[in-house]
Peer 1: 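Input: one structure, supplied below.
Proteins get letters first, then strands, A, B, ... in listed order; numbering begins at 1 in each.
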Amino acid sequence: MPYYKCIVPEDSVEFETRKAVAKAFTDIHCGETGAPRSFVHCEFIEYPEGGETGYDSGTPYYMDGGNRAGRPQEVKDQLLSELLGAFVEITGISRDDIDGRITEGKASQTMEGGFVLPEPGEEGPEWYEHDSVAAD
Amino acid sequence: MINYTCIVQEGVVPDDLRAKLAANIRRISASVLDIDAGSIPLEYNEIRNGFGFRGGEVSTTSMIRGQLTEPIDQETREDFMKQLLDMWRAETGCSVDELIVSVRDPQ
């Protein structure tokens with residue numbers, strides 16, 4: 001956790017672009033929250049021509065994020081704004097073509113890196129020792 | 001009761017191992033929750049190569065996502081997740097960083 005799902009039209013986002021979006025999401029999430037980079041997951045899900053994202057936004061692109069619960073609303077709003085902005089900038093789509101949300105789950109109900117996730121603000125130094133993905 | 005979605009990256013967990021992993025997840029769950037193993041729903045979702053990333057790099061991480069229909073206490077949950085982690089690592093040979101396990105209470 002976090003887990004960011006990007007729902008996109010089939011063949012609309014090339015591999016290198018997907019990778020650039022995933023890296024940008026990692027940079028943004030870690031910049032806003034201080035989380036280790038290796039804990040940031042990003043998945044792209046394509047839907048076929050004539051289909052839709054499965055969300056009610058009416059946009060052809062959608063970003064559905066899942067984060068640990070407990071951060072202030074302004075942090076969550078800023079995070080979502082920056083993530084959608086990065087997606088638009090990297091892919092070149094119109095801002096009107098993407099919407100998104102961030103839902104939250106209780107950290108203590110997930111185990112990652114072999115230990116139970118701490119609540120936001122309760123991370124000890126051992127958590128950061130598990131960061132196996134180095135920043136550029 | 002609990003139902004599972006297991007998310008795996010294409011090419012990371014061999015197809016012929018997935019049934020055994022599912023059986024082991026059901027066996028552990030039945031033991032911890034005192035339910036019938038045969039009644040536990042479990043499905044695999046595979047992420048295509050190049051569509052899953054971790055830390056901005058192509059991911060090899062799998063996920064076991066369990067959704068409970070009744071809440072359990074935290075001590076039981078942590079032991080439950082550890083059993084699932086240890087089993088998955090023993091069967092697949094993955095590192096501790098290559099599996100996420102969640103056992104979530106109903107919302």
Side-chain angles (χ1 to χ4, degrees), chain A residues 1-8 10-11 13-30 35-46 66 68-69 86 90 103-117 119 127 129-136, chain B residues 2 4-10 12 25 28 45-68 70-90 94-107:
Chain A
M1 208 181 267
Y3 200 96
Y4 294 110
K5 286 191 292 188
C6 299
I7 296 88
V8 304
E10 190 171 20
D11 296 331
V13 185
E14 299 283 336
F15 171 75
E16 290 300 334
T17 306
R18 294 195 298 270
K19 187 174 181 183
V21 169
K23 182 178 180 304
F25 279 17
T26 303
D27 293 341
I28 291 165
H29 184 92
C30 296
R37 297 180 66 79
S38 60
F39 279 56
V40 182
H41 303 270
C42 185
E43 176 188 358
F44 289 81
I45 300 170
E46 293 185 328
R68 291 180 293 156
I90 293 167
T103 57
E104 296 185 316
K106 200 167 172 52
S108 61
Q109 297 180 359
T110 297
M111 181 172 277
E112 186 165 356
F115 58 94
V116 176
L117 291 182
E119 305 296 341
W127 198 45
E129 293 170 6
H130 282 263
D131 195 357
S132 57
V133 179
D136 289 341
Chain B
I2 187 166
Y4 287 100
T5 302
C6 296
I7 301 172
V8 295
Q9 311 290 334
E10 181 181 5
V12 171
I25 291 170
I28 292 168
N45 284 348
E46 184 174 86
I47 300 176
R48 279 191 290 158
N49 188 27
F51 283 75
F53 299 86
R54 174 184 169 202
E57 304 294 335
V58 173
S59 178
T60 56
T61 301
S62 303
M63 279 163 271
I64 302 173
R65 289 181 171 172
Q67 179 64 57
L68 293 157
E70 299 288 338
I72 59 175
D73 66 74
Q74 186 62 16
E75 185 178 352
T76 302
R77 185 192 328 278
E78 292 185 16
D79 178 66
F80 191 3
M81 292 193 294
K82 183 72 165 52
Q83 286 189 57
L84 293 171
L85 172 69
D86 290 345
M87 178 280 295
W88 188 281
R89 289 190 64 198
C94 76
S95 76
V96 73
D97 287 327
E98 291 181 302
L99 182 68
I100 302 170
V101 182
S102 64
V103 174
R104 298 203 163 278
D105 287 339
Q107 296 183 347

Peer 1: Checking heavy atoms, do the side chain of B/I100, its backbone, both or neither come under 4.5 Å from chain A?
Peer 2: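 B/I100 touches chain A through backbone and side-chain heavy atoms alike.
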Peer 1: List the atom of A/G114, the atom of B/L85, and the distance in Å for their closest heavy-atom pair.
Peer 2: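 Closest approach of A/G114 to B/L85, heavy atoms only: CA-CD2, 3.8 Å.
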Peer 1: Top residue by heavy-atom pair count (under 4.5 Å) with chain B, among A/A24, A/C30, A/A22?
Peer 2: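 The answer is A/A22.
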Peer 1: Side chain from CB out, backbone as N, CA, C, O: work out which of these in A/F25 comes under 4.5 Å of a heavy atom of chain B, or both, or neither.
Peer 2: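 For A/F25, no heavy atom lies under 4.5 Å from chain B.
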Peer 1: Output all residues satisfying salt bridge (charged side-chain N to carboxylate O under 4.0 Å, His left out) with B/K82, sequence neighbours left out; order by chain, then residue number.
Peer 2: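 By the salt bridge (charged side-chain N to carboxylate O under 4.0 Å, His left out) rule, B/K82 matches B/D86.
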Peer 1: Under the 3.5 angstrom rule, does the side chain of B/R54 hit a backbone N or O of A/S38 as a donor-acceptor pair?
Peer 2: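 Side chain of B/R54 to backbone of A/S38: a pair is present.
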Peer 1: Select one option (side chain, backbone, both, neither) describing which atoms of A/T26 are under 4.5 Å from chain B's heavy atoms.
Peer 2: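 For A/T26, the contact with chain B is made by the side chain alone.
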Peer 1: Nearest 0.5 Å, what's the CD-NZ distance between B/Q107 and A/K106?
Peer 2: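 These two atoms lie 12.0 Å from each other.
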Peer 1: So what's closer than 4.5 Å to chain A heavy atoms on B/T61: side chain, backbone, both or neither?
Peer 2: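 Just the side chain, heavy atoms under 4.5 Å.
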Peer 1: To the nearest 0.5 Å, what is the distance between CD1 (B/I47) and NE2 (A/H41)?
Peer 2: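 Those atoms lie 10.0 Å apart.
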Peer 1: What do you reckon, is CD of A/E14 surrounded by more than 12 foreign heavy atoms closer than 6.0 Å?
Peer 2: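 Counting other residues, nucleotides and ligands, CD of A/E14 stays at 12 neighbours or fewer.
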Peer 1: Heavy-atom distance under 4.5 Å to chain A: side chain of B/R65, backbone, both or neither?
Peer 2: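 Interface part for B/R65: side chain.
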Peer 1: Chain A heavy atoms under 4.5 Å from B/E78: which part of the residue, side chain, backbone, both or neither?
Peer 2: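 It is both, since atoms from each part get that close.
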Peer 1: What's the spacing between A/E46 CD and B/R48 CZ if we round to 0.5 Å?
Peer 2: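 Going from CD on A/E46 over to CZ on B/R48, the span is 4.5 Å.
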Peer 1: With sequence neighbours excluded, tell me which residues meet salt bridge (charged side-chain N to carboxylate O under 4.0 Å, His left out) with A/E104.
Peer 2: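 Counting only residues at least two positions away or on another chain, A/E104 forms a salt bridge (charged side-chain N to carboxylate O under 4.0 Å, His left out) with A/K76.
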Peer 1: What part of B/R77 gets within 4.5 angstrom of chain A, counting heavy atoms only: side chain, backbone, both, or neither?
Peer 2: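 The side chain, not the backbone.
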Peer 1: Nearest 0.5 Å, please: how far is CD in A/Q109 from CG in B/D105?
Peer 2: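 Those atoms lie 4.5 Å apart.
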Peer 1: Between A/K19 and B/E57 (salt bridge meaning N to carboxylate O under 4.0 Å), is one present in this structure?
Peer 2: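 Yes, charged N to carboxylate O under 4.0 Å.
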Peer 1: Evaluate the side chain to side chain contact (heavy atoms under 4.5 Å, CB included) criterion for residues B/F51 and A/V8: first the C-alpha distance (whole Å), next the side-chain angles of each, then the deciding distance (0.1 Å), finally the verdict.
Peer 2: CA-CA 11 Å; B/F51 283 75; A/V8 304; 5.9 Å; no
